[in-house]
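Here's the structure we're looking at; comments come further down.
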Amino acid sequence: MTNGPIFGAMLQEFDGAARILNLEPGIWKILTHPKRQITVSCPVQMDNGEIEVFTGYRVQYNITLGPAKGGIRYHPGVTLDEVTALAAWMTWKCAVAHIPFGGGKGGIICDPTRMSRRELEALTRRYVAEIIDAIGPEKDVPAPDVNTNDQVMAWIMDTYSMHVGHTSTAVVTGKPLELGGSLGRREATGRGVMISARESAKHLGFDISNATVAVQGFGNVGSISAQLIGELGARIVAITDWKGGVYNEKGLDLAMLNDHVRQQKTVAGFSGGTSVTNDELFALDVDILVPAALENQITMANAPSIKAKVVVEGANGPTSPDAHRHLHDRGVFVVPDILANSGGVTTSYFEWVQDRQGYFWTEKEVNDKLEAKMCEAFNAVLQTALKYRVDLRTAAYIVAISRVATVTRMRGMYA
Ligand code: GLU
């Protein structure tokens with residue numbers, strides 16, 4: 001079991017909703033324990049000839065609704081506590097999104113910015129070989145997360161397929177299109193963030209086409225969220241990433257910024273704006289703030305300075321529980337991660353369905369289905385929040401816990 005701070009934050013969120021639901025103690029216990037935690041050591045021969053041993057994790061938090069689903073991240077700060085919390089959040093996210101998956105997550109402690117492509121491929125393949133018995137289209141289906149992409153997914157798919165002796169596309173999602181990926185998957189998390197921001201503005205009665213937006217993070221989620229919210233007419237005035245940030249009150253030119261990032265690997269130093277720090281970005285007088293980097297970024301150290309009307313959580317776990325309470329008490333409309341960023345896993349579900357059917361949809365079909373699923377989830381959470389007079393995060397947990405608890409009761413206890 002794990003009792004670290006990130007899993008602790010997840011438990012605080014869970015407990016608040018479980019109390020309101022009057023959840024019975026037995027189901028409460030089951031849903032607050034990870035089903036499986038796997039730790040593996042992955043030896044890799046590095047380019048300099050030396051052998052390094054990397055620690056990797058895969059956690060299957062709950063598989064009551066279906067196969068475990070969730071990404072794999074490569075980061076020096078990965079811990080079992082973090083991966084377990086992220087796997088729990090995937091469980092609630094899939095339940096809120098109303099897709100037939102449980103929750104899982106993987107991570108490897110490594111610094112991919114200091115590794116060659118060959119080293120990353122070797123590490124990925126060895127990690128997959130180490131967890132091979134636990135994954136599969138019916139068991140556990142990984143996907144991209146922080147610092148992993150479609151190429152990494154292709155290596156996972158190939159390694160798994162080599163071991164089972166046939167091509168198995170549905171073992172992983174977020175793959176390149178040519179080998180069973182889905183149109184729209186790369187943009188899907190950002191598209192869901194955009195839909196969440198748009199629906200929030202509609203509910204609160206302000207016009208998103210005149211809104212100002214600040215985004216923390218410019219990876220897959222931050223960059224696509226900025227682009228798609230910008231396409232609604234909103235002005236993206238500030239963006240920060242791991243190295244620095246840029247601000248332009250007239251709105252950043254995202255096409256030029258993307259060119260800059262392709263060359264420099266960071267938004268820092270972009271000539272179309274002035275530089276801005278993370279704390280300055282959080283304190284900007286904008287309508288919408290999108291944290292799209294790592295967990296625990298909005299804490300009591302910076303939450304009091306936040307002026308945004310709406311916070312749309314593109315990242316997983318970006319807001320600490322006390323900072324969340326503070327924002328809610330001040331009337332900030334926080335769209336929680338397990339709803340706001342669920343567009344990614346929802347389109348992963350579409351990819352898994354297409355792989356299993358061997359029949360692929362047009363981009364319009366994918367985006368239309370995502371639009372419908374996101375709006376269904378947003379409305380379910382909003383109605384629950386109004387009914388119980390709670391914040392959206394508690395409401396999302398109420399929706400998720402009710403769905404997983406109902407199936408747990410129906411299936412009953414084995415042995
Ligand atoms: N890593 C993404 C997330 O945190 C996507 C997971 C998936 O598609 O399975 O939601």
Side-chain angles (χ1 to χ4, degrees), residues 6 10 57-63 65-75 78 82-108 135-137 139-150 152-153 156-157 169-176 180-193 195-196 217 219-222 224-225 290-295 312-318 335-355 366 369-370 373-374 377 396 400:
I6 312 180
M10 190 292 296
Y57 305 106
R58 184 74 188 169
V59 176
Q60 298 170 350
Y61 190 80
N62 188 293
I63 54 171
L65 297 184
K69 188 81 194 78
I72 296 173
R73 65 174 54 181
Y74 290 178
H75 197 273
V78 163
E82 179 195 40
V83 177
T84 306
L86 289 162
W89 280 322
M90 286 308 304
T91 306
W92 317 131
K93 191 187 303 186
C94 291
V96 169
H98 222 174
I99 55 179
F101 286 140
K105 202 76 169 201
I108 303 180
I135 63 171
K139 295 182 179 179
D140 182 351
V141 184
D145 198 81
V146 174
N147 291 330
T148 53
N149 57 17
D150 59 346
V152 175
M153 300 307 115
I156 294 175
M157 180 276 214
T169 53
V171 65
V172 66
T173 59
K175 299 178 295 293
S182 174
L183 289 162
R185 174 63 187 86
R186 196 178 61 82
E187 299 83 7
T189 312
R191 183 170 293 280
V193 168
I195 294 169
S196 299
N220 174 270
V221 182
I224 309 277
S225 301
V290 180
L294 293 170
E295 53 273 2
V312 186
E313 294 184 337
N316 292 310
V335 188
D337 45 6
I338 57 174
L339 169 63
N341 71 35
S342 67
V345 75
T346 297
T347 307
S348 277
Y349 166 55
F350 298 154
E351 179 173 334
W352 179 80
V353 169
Q354 292 171 81
D355 288 339
V366 173
K369 286 183 166 64
L370 176 61
K373 277 294 222 185
M374 280 302 304

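Whatever order the structure lists them in is the order used to number ligands and atoms, beginning at 1. The basis for the numbers below is simple: all heavy atoms, side chains too, and nothing from hydrogens, waters or symmetry mates.
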If we set the cut-off at 4.0 Å for heavy atoms, which region of [X] has an atom near ligand 1: side chain, backbone, both, or neither?
| X | answer |
| --- | --- |
| Ser342 | neither |
| Arg73 | neither |
| Thr347 | neither |

Give the numbers and elements of all ligand 1 atoms closer than 4.0 Å to a heavy atom of [X].
| X | answer |
| --- | --- |
| Lys93 | 3 (C), 4 (O), 10 (O) |
| Lys105 | 1 (N), 3 (C), 4 (O) |
| Ser348 | 7 (C), 8 (O), 9 (O) |

What residue and heavy atom of the protein are closest to atom 7 (C) of ligand 1, and at what distance? Ala143 CB, 3.3 Å

Could you check atom 9 (O) of ligand 1 against the protein and tell me its nearest heavy-atom contact, residue, atom and distance included? Lys69 NZ, 2.8 Å

Ligand 1 and Met90, any nitrogen or oxygen pair closer than 3.5 angstrom? no

Based purely on interatomic distance, does Asn341 place a nitrogen or oxygen under 3.5 Å from a nitrogen or oxygen of ligand 1? no

Side-chain donor-acceptor pair present, Ser342, Lys373, cut-off under 3.5 Å: no

Quiz question: by atom type and distance under 3.5 Å, do the side chains of Arg185 and Ser348 form a donor-acceptor pair? yes

Residue-ligand contact Arg185/ligand 1, heavy atom below 4.0 Å: yes

Quick one: do Val193 and Val290 satisfy side-chain contact (heavy atoms from CB on, under 4.5 Å)? Show the steps, please. CA-CA 8 Å; Val193 168; Val290 180; 4.0 Å; yes

Please identify which of these residues, Val172, Ile156, Val83, Asp145, meets the side-chain contact (heavy atoms from CB on, under 4.5 Å) condition with Ile72. Ile156

Please find the pair of heavy atoms, one from Lys69 and one from Cys94, that lie closest to each other, and give the distance. CB-SG, 4.2 Å

Ile6 side, atom CD1; Leu86 side, atom CG - distance, nearest 0.5 Å: 7.0 Å

How far apart are the C-alpha atoms of Trp89 and Met10, what are their side-chain angles, what is the distance that settles it, and do they pass the side-chain contact (heavy atoms from CB on, under 4.5 Å) test? CA-CA 7 Å; Trp89 280 322; Met10 190 292 296; 3.6 Å; yes

Looking only at non-hydrogen atoms, which of Gly106, Gly344, Pro144, Ala97 approaches atom 2 (C) of ligand 1 most closely? Pro144

Quick test of your reading of the model: are Glu295 and Lys105 salt-bridged, counting only N-O distances below 4.0 Å? no

